[in-house]
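See below for the structure under consideration.
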Amino acid sequence: MLTQAPKGTQDLLPQASHRWQRIEQTMRDTCALAGYREIRTPIFEHTELFQRGVGDTTDVVQKEMYTFNDKGNRSITLKPEGTAGAVRAFIEGHLYAETLPCKMYYVACPCFRYEKPQSGRLRQFHQNGIEVFGAKDASVDAEIIQLAMKLLEANGIDGLRLTINSIGCPKCRAAYLEKLRAYLAPKLDGLCKTCQERFDRNPMRILDCKEDAGKLTDAPAMLDNLCEECADHFEKLKGYLKALGIAYEIDARIVRGLDYYTKTVFEIITDTPDGTPLTVCGGGRYDGLVEELGGPATPGIGFGMGIERMIMVQDMRGIAPEAPALLDAFVVTMGDEARMAGVKLVSALREKGVKADLDHAARSMKAQFKYAGKLGVKKVVVIAGDELEKGVVKLRDMDRSEETEVSMDEILGKF
Ligand code: ATP
Ligand code: MG
């Protein structure tokens with residue numbers, strides 16, 4: 001118990017952290033090139049934010065949230081996704097009063113969902129994501145899709161399918177939902193229990209049900225029932241994607257799990273060896289959300305990309321980014337006096353930007369060399385008592401197994 005992390009959580013161990021850092025760095029670099037700045041919001045928010053922001057009818061809010069009362073008896077929820085918090089911060093920070101659009105990204109944002117732990121499904125996972133406020137043109141939809149594809153490619157993840165859809169706006173959706181209910185009503189008895197519950201409150205989600213979707217292939221699609229404005233927006237998005245050379249598939253079945261989406265929704269999917277599709281990135285437009293949460297009407301769009309899933313796909317593809325060298329130099333010392341000189345030398349090397357370390361465990365010289373060898377250190381400096389008196393040390397080239405004597409004053413210059 002004590003030495004076992006809670007179900008559905010993972011440690012990031014030091015030997016693997018470079019893989020995350022690389023994914024995080026490409027996120028920062030790619031976003032900076034497109035004029036995005038970082039946002040960090042709290043790990044927990046008032047539960048109501050997610051009920052309103054993500055939507056009470058969604059699986060995330062109904063079944064998956066980590067909600068608890070704090071000592072002040074406030075209902076608090078660990079964030080299940082990044083958008084609601086970003087929107088809250090956008091409103092609270094009065095960012096709508098500044099120059100728009102406001103383009104932001106977040107890196108390795110911890111997200112919590114009480115899901116059944118299984119391959120690709122954790123209870124704490126991490127997302128890189130983007131949110132753009134105050135831009136309604138489809139060119140920004142295409143921009144964030146392009147950024148998402150670039151981010152995946154930059155991490156060696158190819159062979160992806162981009163699927164897009166439009167789920168309309170409240171105006172055209174209301175009429176469509178009536179049509180959909182009329183289609184579903186006679187079939188309702190044959191659908192799963194969850195779908196029966198969804199019928200009144202969120203019938204679109206029925207089309208997304210893993211169990212029932214197969215029985216509903218002739219259901220009317222939102223995409224065929226868009227109002228003129230939404231249809232035009234979708235046509236423009238396709239035009240921009242084409243202009244950018246980004247291949248896409250239209251999938252009228254994507255409705256996305258979160259309630260706040262309007263118009264564009266998209267997913268980036270890869271197939272796993274056992275044939276089940278794995279969604280690496282999901283996003284969409286949420287033109288009504290800022291207003292819904294108490295801000296001035298402001299269009300918004302964003303995506304979330306699961307870091308653990310990116311790593312999973314890298315593993316599936318046999319991509320293992322190499323770890324950078326841990327140390328450039330190791331200082332082997334013998335005796336207290338030598339260790340004192342070693343501590344000073346290591347400090348000076350680090351000051352110079354050379355990654356350096358020395359033995360802190362009073363190990364034998366042989367053990368110290370073995371350790372340096374294990375770490376793959378290229379240069380080892382040996383400080384031993386008698387030579388130290390002469391003011392010299394030995395510099396060993398580990399690859400060539402060559403040793404030269406260098407005066408203590410000149411050793412720094414060798415790096
Ligand atoms: P799914 O259909 O796989 O449940 P979702 O629609 O719930 O995904 P989003 O809310 O769109 O997922 O989250 C965006 C991304 O976050 C997903 O594409 C995925 O990469 C990642 N993600 C979501 N849930 C989990 C989880 N439980 N464990 C690990 N990664 C996750
Ligand atoms: Mg989910």
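Start at 1 and go down the list; that is how both ligands and their atoms are numbered.
Here K242 pairs with nothing under the salt bridge (charged side-chain N to carboxylate O under 4.0 Å, His left out) rule; sequence neighbours left out. Take F199 and apply the ring pair (Phe, Tyr, Trp, His ring centres under 6.0 Å) test, not counting sequence neighbours, and it matches no residue.
Interface of V280 with ligand 1, defined as ligand atoms under 4.0 Å from a residue heavy atom, comprises 18 (O), 20 (O). Interface of C281 with ligand 1, defined as ligand atoms under 4.0 Å from a residue heavy atom, comprises 18 (O). With ligand atoms numbered from 1 in the order given, ligand 1 contributes 13 (O), 14 (C), 15 (C), 16 (O) to contacts under 4.0 Å with heavy atoms of Q127.
Residue contact annotation: G120 has a non-hydrogen atom under 4.0 Å from ligand 1. Note on ligand 1: R113 sits in its first shell, one or more heavy atoms being nearer than 4.0 Å. Ligand 1 is approached by R121 to a heavy-atom distance shorter than 4.0 Å.
In this structure, K187 satisfies the cation-pi test against Y183, with its NZ or CZ atom closer than 6.0 Å to the six-membered ring centre and inside 45 degrees of the ring normal.
Residue-to-ligand polar distances place G306 within reach of ligand 1: an N/O pair is separated by less than 3.5 Å. No N or O atom of F125 sits closer than 3.5 Å to an N or O atom of ligand 1.
Other residues, nucleotides and ligands place more than 12 heavy atoms under 6.0 Å from the CZ atom of F415.
Note: W20 and H126 have perpendicular aromatic rings, judged against thresholds of 30 and 60 degrees for the angle between ring planes.
When side chains are defined from C-beta on, R363 does not count as touching K370, because their heavy atoms never get closer than 4.5 Å.
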